[in-house]
Amino acid sequence: MQKKYHIVTYGCQMNVHESEKIAGILHKMGYEETAEKENADIILFNTCCIRENAENHAFGNIGALKKLKKANPNLLIAVGGCMTQEKGKTDVLKKKFPFIDIMFGALNFEELERLIIKKQAQKKKVIEIREKEGEIVEGLKPFRTSYPNAWVNITYGCNNFCSYCIVPYVRGRERSRKMANIIAEVESLVAEGYKEITLLGQNVNSYGNDLNDGSNFATLLDKVASIEGKFRLRFMTSHPKDFTEEVVSVMKKHDKICKCVHLPVQAGSNRILSLMNRRYTREKYLEEVAFLRKALPQAEITTDIIVGFPTETEEDYLQTEDLVKTVGFASAFTFVYSKRQGTKAAEMEGQIDEATQKDRIMRLVALVNSLTREKSQKYIGKTVEILCEDYDEKKGLYLGRDEFGRMGYFSSKENKIGEFVNLKILSANGISLHGELTD
Ligand code: SAH
Ligand code: SF4
Ligand code: F3S
């Protein structure tokens with residue numbers, strides 16, 4: 001019987017895509033996927049450590065495997081991702097969960113096949129974490145599970161050291177893939193029938209800085225968007241300190257590029273932005289938004305915001321609210337600041353108490369939701385192009401997203417997954433739209 005794997009993924013899109021690469025390695029080794037942990041021969045956790053609750057989630061789920069491992073001692077349990085890259089974390093994991101067989105890191109997941117074979121040949125657990133980033137590994141074929149969408153890495157790591165963020169410590173310095181490799185990957189995805197390509201990096205706008213061959217993000221975007229075929233092109237994440245007018249003109253040049261930008265602002269107060277080491281001001285951010293909207297009036301902007309950063313006063317918080325209203329974000333991911341060991345902000349005085357953090361996040365979520373709802377209402381009566389990406393069994397409806405990432409549901413007798421369809425919007429429910437096919 002074929003051996004089976006089950007992967008549990010936490011964290012960002014980059015991790016989701018890395019799980020597809022891990023799945024690719026396992027398929028090459030002859031494993032197949034199972035949705036049930038109980039049937040698996042190997043269970044892998046691809047972890048995240050961006051906030052404490054991401055870690056707690058993983059801890060809870062790893063702990064729950066104790067029984068399964070007892071019932072089936074041949075079951076292999078592997079833990080990788082960003083959490084194992086944290087200083088001292090493998091020791092914590094070893095103590096808490098002695099039944100883990102393999103630990104690997106976000107910087108060496110490509111070695112998984114060797115690590116599994118090594119574990120199968122010995123009783124002792126295998127713990128191999130790479131401390132520093134290595135050369136980019138090309139040629140791993142991901143087992144993609146999100147047709148018609150496909151993710152493509154353009155950079156790995158991050159050099160920004162925002163004072164609250166652990167990513168530069170666990171993902172290493174920024175490395176850019178060679179342009180030719182990215183283009184070849186997108187070309188083959190389009191030839192295979194993928195309809196939406198998302199270019200991924202912690203800060204896509206600094207693509208090419210380390211290549212010293214003149215490549216930059218605007219030229220990469222231009223070249224990828226020039227690939228023949230009908231597909232949508234997205235990119236994330238854009239750091240406001242590096243978002244250039246050149247990128248906006250490439251967006252304008254190509255219909256394929258979705259006119260939406262994820263531009264995390266994090267805070268509305270200049271004092272907090274400076275403490276966060278974001279290297280832009282509120283005014284610079286608003287200028288970029290104005291420039292984008294002038295060049296592309298239909299453009300939508302989404303963002304990430306943190307509340308409760310050390311020393312944040314009510315006045316600072318209100319500046320964030322004010323900025324949210326001024327920009328009119330299409331949607332926003334909102335987070336309570338989480339103290340991460342080893343970062344600059346963890347050492348700062350003036351950590352904010354939980355009650356204040358809770359109060360601010362609740363007010364911000366209410367504000368963001370009301371803006372999103374307002375935008376959804378404006379869709380009613382309009383016809384939008386949706387790329388159908390899935391079927392919701394519970395609702396009995398197909399779903400997909402428009403250019404701006406807004407979810408639309410509809411019913412259809414035929415399978416529409418992977419097709420662009422026109423949807424007349426009849427109603428809007430919070431952030432999602434409901435409509436009927438017009439063709
Ligand atoms: N590279 C991207 C985002 C990576 S992490 C960027 O710079 O925009 C995604 C989001 O998590 C960040 O934008 C930030 O809003 C949030 N985040 C990161 N560290 C955090 C922390 N310590 N506490 C709370 N939120 C955090
Ligand atoms: Fe973290 Fe800042 Fe890098 Fe984003 S840009 S990953 S928030 S350090
Ligand atoms: Fe992503 Fe979490 Fe790592 S957000 S880069 S998986 S710490």
Side-chain angles (χ1 to χ4, degrees), residues 8-19 21-22 45-58 79-86 89 105-107 109 133 151 153-175 199-207 209 235-243 261-268 272-273 275-280 285 301-310 312 320 329 332-348 351-352 354 357 360-361 364 368:
V8 185
T9 308
Y10 304 89
C12 60
Q13 208 54 63
M14 225 158 299
N15 244 23
V16 172
H17 182 44
E18 260 151 35
S19 286
K21 292 188 189 171
I22 290 171
F45 290 88
N46 193 11
T47 61
C48 169
C49 57
I50 195 92
R51 285 169 290 273
E52 200 182 347
N53 55 10
E55 294 202 329
N56 291 343
H57 253 128
V79 180
C82 288
M83 195 162 93
T84 49
Q85 289 288 158
E86 272 182 89
K89 248 319 155 18
L107 296 178
F109 72 89
E133 66 284 346
W151 291 290
N153 293 111
I154 65 165
T155 64
Y156 299 92
C158 183
N159 288 350
N160 288 323
F161 290 94
C162 301
S163 65
Y164 50 80
C165 185
I166 199 164
V167 171
Y169 301 92
V170 295
R171 289 275 177 164
R173 295 295 63 72
E174 186 177 84
R175 287 96 66 207
L199 305 178
L200 288 179
Q202 293 296 354
N203 176 8
V204 290
N205 302 92
S206 54
Y207 170 80
N209 285 355
F235 52 89
M236 65 174 198
T237 299
S238 297
H239 193 302
K241 80 176 167 63
D242 301 314
F243 188 65
V261 184
H262 187 61
L263 199 61
V265 68
Q266 313 298 358
I272 296 293
L273 284 172
L275 284 175
M276 286 178 162
N277 192 31
R278 290 291 288 179
R279 286 175 277 176
Y280 54 85
Y285 187 89
I301 301 162
T302 57
T303 202
D304 294 348
I305 302 168
I306 298 175
V307 298
F309 185 83
E312 184 188 66
T320 297
F329 293 110
F333 293 111
T334 51
F335 307 106
V336 168
Y337 166 73
S338 172
K339 193 169 166 178
R340 305 282 69 206
Q341 222 61 54
T343 61
K344 285 253 159 64
E347 306 303 319
M348 286 179 188
Q351 302 282 328
I352 304 295
E354 221 179 291
Q357 288 184 325
R360 287 181 190 157
I361 193 79
L364 186 64
V368 166

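Counting starts at 1 for both ligands and their atoms, in listed order. Worth knowing before you read on, the calculation uses all heavy atoms, side chains too, and leaves out hydrogens, waters and symmetry mates. Keep in mind it's a predicted model, so treat the numbers as computed, not measured.
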*asked:* Restricting to N/O/S atoms, is Cys12 within less than 2.8 Å of atom 1 (Fe) of ligand 3 or not?
replied: yes
*Could you tell me if any non-hydrogen atom of Val167 lies under 4.0 Å from any atom of ligand 1?*
no
*Could you tell me whether Val336 approaches ligand 1 through its side chain, its backbone, both or neither, with non-hydrogen atoms closer than 4.0 Å?*
backbone
*For ligand 3, which atoms sit closer than 4.0 Å to a heavy atom of Asn15?*
6 (S)
*Hey, is Ile50 one of the residues with a heavy atom under 4.0 angstrom from ligand 1?*
yes
*Using a strict cut-off of 4.0 Å, indicate which atoms of ligand 2 neighbour a heavy atom of Cys158.*
3 (Fe), 5 (S), 6 (S), 8 (S)
_Sub-4.0 Å heavy-atom contact, Arg171 with ligand 1_ = no
*Who gets closest to atom 16 (C) of ligand 1 by heavy atom: Met276, Lys241, Arg51, Gln202?*
Arg51
_Which residue and atom name correspond to the protein heavy atom nearest atom 5 (S) of ligand 2, and how close is it?_
Asn160 ND2, 3.3 Å
*Which ligand 2 atoms, with their elements, are less than 4.0 angstrom from a heavy-atom of Arg278?*
2 (Fe), 7 (S)
*At a 4.0 Å threshold, what atoms of ligand 2 neighbour a non-hydrogen atom of Phe161?*
8 (S)
*Any heavy atom of Met14 sitting closer than 4.0 Å to ligand 3?*
no
_If the cut-off is 4.0 Å to any non-hydrogen atom of Ile306, which atoms of ligand 1 fall inside it?_
14 (C), 15 (O), 17 (N), 25 (N), 26 (C)
*asked:* Would you say atom 1 (Fe) of ligand 2 has Cys165 as a near neighbour, meaning an N/O/S atom of that residue under 2.8 Å away?
replied: yes
_Heteroatom N/O/S of Cys49 within less than 2.8 Å of atom 3 (Fe) of ligand 3_ = no
*Near Arg340, which atoms of ligand 1 are under 4.0 Å from a heavy atom of that residue?*
22 (N)
_Contacting atoms of ligand 1, where contact means under 4.0 angstrom from a heavy atom of Tyr337_ = 23 (N), 24 (C)
*asked:* Quick test: of every protein heavy atom, which one is nearest to atom 7 (S) of ligand 2, and how far off is it to 0.1 Å?
replied: Tyr164 OH, 3.4 Å
*Proximal ligand 1 atoms for Asp304, defined as those under 4.0 Å from one of its heavy atoms*: 9 (C), 10 (C), 12 (C), 13 (O), 15 (O)
*Of all the non-hydrogen atoms in the protein, which one sits nearest to atom 8 (S) of ligand 2, and at what distance?*
Cys162 N, 3.4 Å
*asked:* Within the 4.0 Å heavy-atom shell around Arg278, which atoms of ligand 1 are there?
replied: 7 (O)
*Using a heavy-atom cut-off of under 4.0 Å, does the side chain or the backbone of Pro168 touch ligand 2, or both, or neither?*
side chain
*Side chain or backbone of Tyr164 under 4.0 Å from ligand 1, or both, or neither, by non-hydrogen atoms?*
both
*With a cut-off of 4.0 Å, which atoms of ligand 2 are near a heavy atom of His239?*
5 (S)
*For ligand 3, is there an atom lying under 4.0 Å from some heavy atom of Gln202?*
yes
*For Cys82, counting its heavy atoms only, list the atoms of ligand 3 lying under 4.0 Å from any of them.*
3 (Fe), 5 (S), 6 (S), 7 (S)
*Look at atom 14 (C) of ligand 1 and say which protein heavy atom is nearest, naming residue and atom and giving the distance to 0.1 Å.*
Gln266 OE1, 3.4 Å
*Of the side chain and backbone of Pro264, name the one, both, or neither that has a heavy atom under 4.0 Å from an atom of ligand 1.*
side chain
